[in-house]
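A note on names: the letters A, B, ... follow the listed sequences, proteins ahead of strands, and every chain is numbered from 1.
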Number of protein chains: 2
Amino acid sequence: MRLRQLECFRALMLHGTMTRAAELLGMSQPGISTMIAGLEHETGLNLFVRRGGRLQPTPEAKLFYVEAARALEAAENASRVAAEIRSGRRGHLAIAAYPSISINLLPRLLSQFAKNKPELQIKIITRNSATVRELISTQQFDLAVAELPLDYPTSHMEVFSYDCMCMLPHAHPLAKLKQITPDDLDGVPFVTLFRGDPIYQQLASAFSEYGARWNVVAETEFFSTACQLVTEGRGVGIVDPVVSKPFTEGLVVRPFKPRIQYQIAILSPTHEAPSQVAQDFAGLLRRGLRA
Amino acid sequence: MRLRQLECFRALMLHGTMTRAAELLGMSQPGISTMIAGLEHETGLNLFVRRGGRLQPTPEAKLFYVEAARALEAAENASRVAAEIRSGRRGHLAIAAYPSISINLLPRLLSQFAKNKPELQIKIITRNSATVRELISTQQFDLAVAELPLDYPTSHMEVFSYDCMCMLPHAHPLAKLKQITPDDLDGVPFVTLFRGDPIYQQLASAFSEYGARWNVVAETEFFSTACQLVTEGRGVGIVDPVVSKPFTEGLVVRPFKPRIQYQIAILSPTHEAPSQVAQDFAGLLRRGLRA
DNA sequence: GTCCATTATAACGTATTCGTATAGTCGTCC
DNA sequence: GGACGACTATACGAATACGTTATAATGGAC
């Protein structure tokens, strides 16, 4: 039994004559005729009686029609779903991400991506980078974004490196400088990430290298929290220039020397190829992280 | 999109390798390969990634599989239903019949017919012959059985004529005769059908022709009722030899002369071809009515 | 490197599909 | 009753699809 046969059968049932059914399907009348003959032969049913040069559906045809129409609809539905999957309108996109990026950048990009994709199911889970790393390896997520370094590396990892910038309150005296060094910040109240963070380590080295006194007045877990403290005037600090950009509105941001490197990565599942949707979104995310 | 493609896809999803899927479908591995390639091309989906010489379903394949399997099942169901319809296991059989036949003969034949046809829906409606005639013309029934004559004839009517027999209680003195005539029944208490019935008319003519006195002691609507009265010893009567046979157990039945004709007919819908089931049952009914 | 299992491609015969041309059938209108 | 119109069925040919065998290509295991 072929779908084309069912299609012809349905058109014939709905329109009464082969001629009209043929027009509707954009094919010739003899095409319908042989198609129906084939269907009758294969099913062993007499679907139509030839009566007065016309076709009249038998009771069997009416019974069979119900099932035939159902099968056709299911096939057409499958076709439609295929198109939806292809265009990314259907599917799911589960993303695990570390906090700073999932506060602003990620949801912004995601909602942009999900426009005109009504059937796309989106899930964002926010965990610290180590947990994100675990989650992606359990294959439960399509994509993950984590800060580096990871305790042990994952395959399919796309790294983005940023040189951190120094952020200062608008009215800060150092705001007039084009570039900030540890010398400029000697003894200046400073907001930093926690002691365990690579950023902390790098800053400590930088200040010691320059022989400047690093006056840490606050330690935070996230850049976003640090930004808020700086905004409140508690001190100065450093941030990455992209992910944390939304939090530095109203602050002055200047290049910092020496380079304090902040690295994040897009992680993909290892054992399974990522879905097309995930790849597409990864592309958008990549552009967003490069900007 | 063709069913064969979906079939190959399903087999491949279920069995992992093309080689095994091919075995399962009784075809060659290259056949599966080209089939899948065609499906991927037509749907525009990358369904499998070639990884280490093996195939691995993509997330898209998993999404699509749900719909593909559903469509396949619907098609297979349609196929199965077609087989059921063909063999008469599925369908409906609505029969309108006059009382005498619907008391015993019809349900007996029907239940015999419906054995090993679990999905066949049966409906019997009992009305007098005139109403039965109306009902069949409204196309709501697949078959009807009515007594003749009908006020106006229907097309597709298959007539069965019977010569009525004389029935007598077992101990009746006339039981020793091989054949009964009105002369034998001169003045004998007689149970007959109602005055309007053709049987009544024929009997009246017969007795008058033979110059015998017709001693009617009871008039009934149905042969079955008449039979019961005779069994009770109220008198003698006549019945048809086939439809009413079940009611004459324990009675003596003898040929009656002159011929009293009883006619019934199987009626088919006029405007629509009868279903195969109806035709099949009509065959069984025909044999039952000839016996 | 060799063997084994797997998938992909090529070449080819057959079946299916669909078009055009044409014949057959029935009802209707004059 | 004959011509016409509307419809279906059949014949045949070209394009496509299907599925085969033979064979290449790939990657993992030893």
For A:T43, does its backbone N or O pair with a side-chain atom of B:R86 as donor and acceptor, under 3.5 Å? yes
Just how far, in rounded Å, is P of D:dG19 from CG of B:L3? 12 Å
I need the residues from residues 21-43 of chain A with at least one non-hydrogen atom less than 4.0 Å from DNA chain D; give them sorted by number, or say none. A:Q29, A:P30, A:S33
For B:R20 and C:dT7, what is the distance between atoms CZ and P respectively, to the nearest whole Å? 10 Å
OP1, OP2 of C:dT16 versus side-chain N and O of B:R2: anything below 4.0 Å? no
How many whole angstroms separate atom CD of A:Q5 from atom C1' of C:dA15? 13 Å
With a 4.0 Å cut-off, would you call A:E7 and A:R4 a salt bridge? yes
Of all the choices, D:dT8, C:dT7, C:dT16, which nucleotide is nearest to the side chain of B:T19 once you look at every atom? C:dT7
Measure from CE on A:M18 to P on C:dG19 and round the result to the nearest Å. 14 Å
Between atom CG in B:N46 and atom P in C:dA8, what is the gap in whole Å? 12 Å
For B:P198, all residues meeting side-chain contact (heavy atoms from CB on, under 4.5 Å), sequence neighbours excluded: B:P149, B:Q202
Please determine whether a side-chain nitrogen of the Lys or Arg among B:E76 and B:R80 lies less than 4.0 Å from a carboxylate oxygen of the Asp or Glu. no
Has A:R4 got a side-chain N or O lying under 4.0 Å from the OP1 or OP2 atom of C:dC18? yes
Report the distance from atom CG of A:L6 to atom C1' of C:dT17, rounded to the nearest whole Å. 15 Å
How close do B:R133 and B:L267 get, counting heavy atoms only, and between which atoms? CA-CD1, 4.4 Å
Between C:dT6, C:dA8, D:dC7, which one does the side chain of B:T17 approach most closely? C:dT6
Counterpart residues, salt bridge (Lys or Arg N to Asp or Glu O under 4.0 Å), relative to B:E73 (two or more places apart): none
